[in-house]
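In what follows, every heavy atom counts, from backbone to side chain, and hydrogens, waters and symmetry copies are set aside. If you're wondering where the values come from, they're calculated on a predicted model, not measured in any experiment. Per chain, numbering begins at 1; letters A, B, ... match sequence-line order.
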Protein chains: 2
Amino acid sequence: MDRAEEPGGPGTAGSQPRPGGKHARGGNVFEHTIAELLRAIRLGKYLVGDKLPAERELAAQIRVSRATLRQALIELQTAGIVTSRRGRYGGTFVTRLPSADTDERIDPGELDDAVRFRLVLETAAARIVAEQDLSPNEVAALTAAETDCRTVFASAEQFRVLDARFHLMIAELTHMPSLIYASASTRDRVNALLDRIPFIHTNVEHSCDQHREIVDAILASDPDRAADLAAQHAEGTEKLLRGFLEQR
Amino acid sequence: MDRAEEPGGPGTAGSQPRPGGKHARGGNVFEHTIAELLRAIRLGKYLVGDKLPAERELAAQIRVSRATLRQALIELQTAGIVTSRRGRYGGTFVTRLPSADTDERIDPGELDDAVRFRLVLETAAARIVAEQDLSPNEVAALTAAETDCRTVFASAEQFRVLDARFHLMIAELTHMPSLIYASASTRDRVNALLDRIPFIHTNVEHSCDQHREIVDAILASDPDRAADLAAQHAEGTEKLLRGFLEQR
DNA sequence: GCCCAATGGATCGTTACCAGACCATTAGAC
DNA sequence: GTCTAATGGTCTGGTAACGATCCATTGGGC
């Protein structure tokens with residue numbers, strides 16, 4: 001190796017991916033904040049109808065000033081994704097899911113990276129969780145997340161949120177902050193890709209079946225089987241995405 | 001990435017880790033820049049004696065303004081880690097390795113997270129690389145990185161740089177930017193922990209032997225063995241660290 | 001010997017973002 | 001009915017970081 005740099009080398013320096021903008025970080029803090037909120041909604045942290053945390057609290061969570069957060073919220077409000085009510089017991093509420101950014105170009109490397117990294121993370125998470133002893137609460141949460149997925153065969157959007165919640169649930173059960181964060185981040189990238197391809201019922205049902213099997217393997221404390229099933233599951237998505245998006 | 005998030009919701013929102021500071025990101029851009037430079041040096045991207053990229057270029061790489069970069073460089077210069085020379089064919093040169101920040105407190109969760117995530121990443125990387133066909137150049141680079149480790153039994157600092165280079169080499173051979181970035185980031189966290197414990201010759205020799213075995217498995221295209229060896233290797237470090245640092 | 005290109009060094013005006021204080025509105029409690 | 005606590009909405013001053021420009025130094029090429 002060496003410090004040839006650029007072309008190949010997304011090496012060690014370079015910090016987070018930060019497109020281009022005025023200040024540091026992701027372009028600017030404002031856009032980053034919007035992205036963060038959208039992601040949380042898309043990944044099912046806040047479902048439609050849910051109330052977001054109070055502005056002061058949410059700002060602290062995203063580590064951004066309230067002023068900037070409000071800018072972002074106003075943007076989302078304009079887009080019809082949230083609404084705000086004043087007064088005690090008021091707040092900001094999710095009204096609908098954000099529509100997919102179908103216009104963005106597809107970076108060929110992006111697909112490859114996102115989908116392969118997802119395979120790594122989810123396989124590992126499934127194995128790790130299967131090796132643990134889960135508390136009754138955790139078991140309940142996991143099975144609930146699994147069955148929730150089966151309730152919605154209607155829209156791609158709704159399914160995707162619940163699907164994401166299921167997979168993130170597994171990641172969270174590892175209690176590894178790094179893995180949780182990486183999984184959420186990667187999941188969102190994969191979801192963005194899934195939005196580009198048709199919604200296929202058969203696939204959804206198959207996915208749900210696989211979810212069930214993964215949960216079974218985890219609850220049966222069978223790490224190898226859990227990992228293997230998770231890998232198969234991820235590979236299914238991978239093939240689907242590559243089939244639709246690669247080479248064009 | 002790292003650090004989780006607030007107590008309750010280690011969920012999906014929460015953005016990059018941003019301790020506490022004025023502006024956004026890692027406290028402030030200035031500190032982040034220093035950290036980034038130190039990391040690149042510690043992980044062997046720039047070895048002692050090497051010339052850093054020109055300020056204008058380096059600033060662009062780190063995605064930071066030249067003014068901020070210079071602040072950081074001046075700090076490093078004051079600390080004796082780099083020196084600058086003006087004029088054409090001048091530049092900024094690495095003079096010595098940064099000394100470890102032994103004063104920082106050890107977050108008990110940090111050890112656990114860093115060490116477990118490292119296991120996940122390096123196991124996956126080894127498996128993936130073993131599944132690939134490597135080009136002659138890649139094979140050469142890998143074996144070179146491995147043998148380089150054996151050349152230095154002198155100081156902990158030097159060994160750690162070469163050790164990091166070896167592991168990052170494997171990560172880079174996956175050609176997965178996300179995995180490369182995560183590996184570098186995690187590696188640095190682990191290194192910071194290793195700086196707190198004594199440097200044990202026997203362990204280093206054992207590590208080198210394991211490196212050799214891992215390379216053998218990769219070149220033999222034996223993914224399972226490569227993954228298994230990588231896991232054993234990482235677990236060795238894990239036990240060492242836990243033994244010295246946990247519970248006190 | 002002169003010039004030039006590449007580098008580090010310095011300065012300046014602008015802006016994005018922040019912290020904190022304050023105002024406005026609301027629903028429930030009393 | 002009034003009070004109160006929790007919330008969204010508004011405003012102000014401070015500053016970190018930026019982009020841009022210019023200066024200073026140096027070694028090699030002509």
Side-chain angles (χ1 to χ4, degrees), chain A residues 3 5 15-16 18-37 46 49-78 80-95, chain B residues 15-16 18-37 46 50-95:
Chain A
R3 46 232 74 104
E5 220 51 71
S15 114
Q16 260 47 349
R18 268 185 277 128
K22 301 281 177 137
H23 257 59
R25 191 160 15 136
N28 48 46
V29 180
F30 168 59
E31 284 174 15
H32 168 78
T33 306
I34 290 194
E36 203 68 26
L37 292 171
Y46 310 112
D50 280 4
K51 185 181 121 174
L52 302 188
E55 290 183 357
R56 291 164 178 82
E57 189 189 337
L58 187 54
Q61 273 179 33
I62 309 187
R63 311 285 246 279
V64 93
S65 78
R66 203 184 145 209
T68 307
L69 171 66
R70 298 204 79 245
Q71 271 191 301
L73 285 176
I74 287 168
E75 198 76 8
L76 295 191
Q77 214 166 348
T78 308
I81 294 166
V82 302
T83 50
S84 292
R85 284 204 306 274
R86 277 199 185 186
R88 193 172 189 181
Y89 305 93
T92 307
F93 301 81
V94 180
T95 52
Chain B
S15 111
Q16 259 47 350
R18 269 183 280 126
K22 299 285 175 135
H23 259 58
R25 197 169 2 148
N28 48 47
V29 181
F30 166 59
E31 285 175 15
H32 168 79
T33 306
I34 290 193
E36 204 68 26
L37 292 172
Y46 310 113
D50 280 4
K51 185 181 122 174
L52 301 188
E55 289 184 357
R56 291 163 177 81
E57 189 190 335
L58 188 54
Q61 275 179 31
I62 309 188
R63 312 285 246 278
V64 95
S65 78
R66 203 184 145 212
T68 306
L69 171 66
R70 299 203 78 244
Q71 271 191 301
L73 285 176
I74 287 168
E75 198 74 8
L76 294 192
Q77 214 166 348
T78 308
I81 294 165
V82 302
T83 49
S84 292
R85 283 205 306 273
R86 278 199 184 186
R88 194 171 190 180
Y89 304 95
T92 306
F93 300 81
V94 180
T95 52

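- Contact record, B:V29 with B:V64: CG1-CG2, 3.1 Å, taken as the closest heavy-atom pair.
- When all heavy atoms of A:F93 and A:G49 are compared, the pair lying nearest together is CD2-O, 3.9 Å.
- Applying the side-chain contact (heavy atoms from CB on, under 4.5 Å) test between B:L69 and each of B:T33, B:I74, B:I34 identifies B:T33 as the sole match.
- Rounded to the nearest 0.5 angstrom, A:L52 CG and A:L37 CG are separated by 7.0 Å.
- A:R63 places its CZ atom 16 Å from the C1' atom of C:dC17, with the value rounded to the nearest Å.
- If you take CZ on A:R63 and CD on A:E36, they are separated by 11.0 Å, rounding to the nearest 0.5 Å.
- The nearest whole Å value for the distance from the CG atom in B:N28 to the P atom in D:dC18 is 11 Å.
- Within residues 68-76 of chain B, the residues that have a heavy atom under 4.0 Å from DNA chain D are, in order of number, B:T68.
- D:dG8 atom P lies 9 Å from atom CG of A:L52, rounded to whole Å.
- For the helix from C:dG1-D:dC30 to C:dC30-D:dG1, the end axes, each set by the C1' atoms of five terminal pairs, are bent relative to each other by 0° (nearest 10°).
- Listed by first and then second residue, the side chain to side chain donor-acceptor pair (under 3.5 Å) pairs that reach into residues 78-91 of chain B are B:S84-B:T92, sequence neighbours excluded.
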With the sugar-phosphate defined as primed atoms, P, OP1 and OP2, and the base as all remaining atoms, what B/S/- string results for nucleotides 21-30 of chain D, 5' to 3', for protein heavy atoms under 4.0 Å? -B-BBBSS--
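- Following rounding to the nearest Å, A:Q77 (CD) and D:dG8 (P) show an atom-to-atom distance of 10 Å.
- If you take CD1 of B:I62 and C1' of D:dA17, they are 15 Å apart, rounded to a whole angstrom.
- Rounding to whole angstrom units, CD of residue B:E55 and P of C:dA10 are separated by 10 Å.
- Checking C:dT7, C:dC17, D:dC18 against the side-chain heavy atoms of B:K51 singles out C:dT7 as nearest.
- Identified under the side chain to side chain donor-acceptor pair (under 3.5 Å) test for residues 66-76 of chain B, with sequence neighbours left out: B:E55-B:R66, B:E55-B:R70, B:S65-B:T68.
- Annotation: of the two residues near DNA chain C, B:S84 and A:F30, the 5′-most nearest-nucleotide partner is B:S84.
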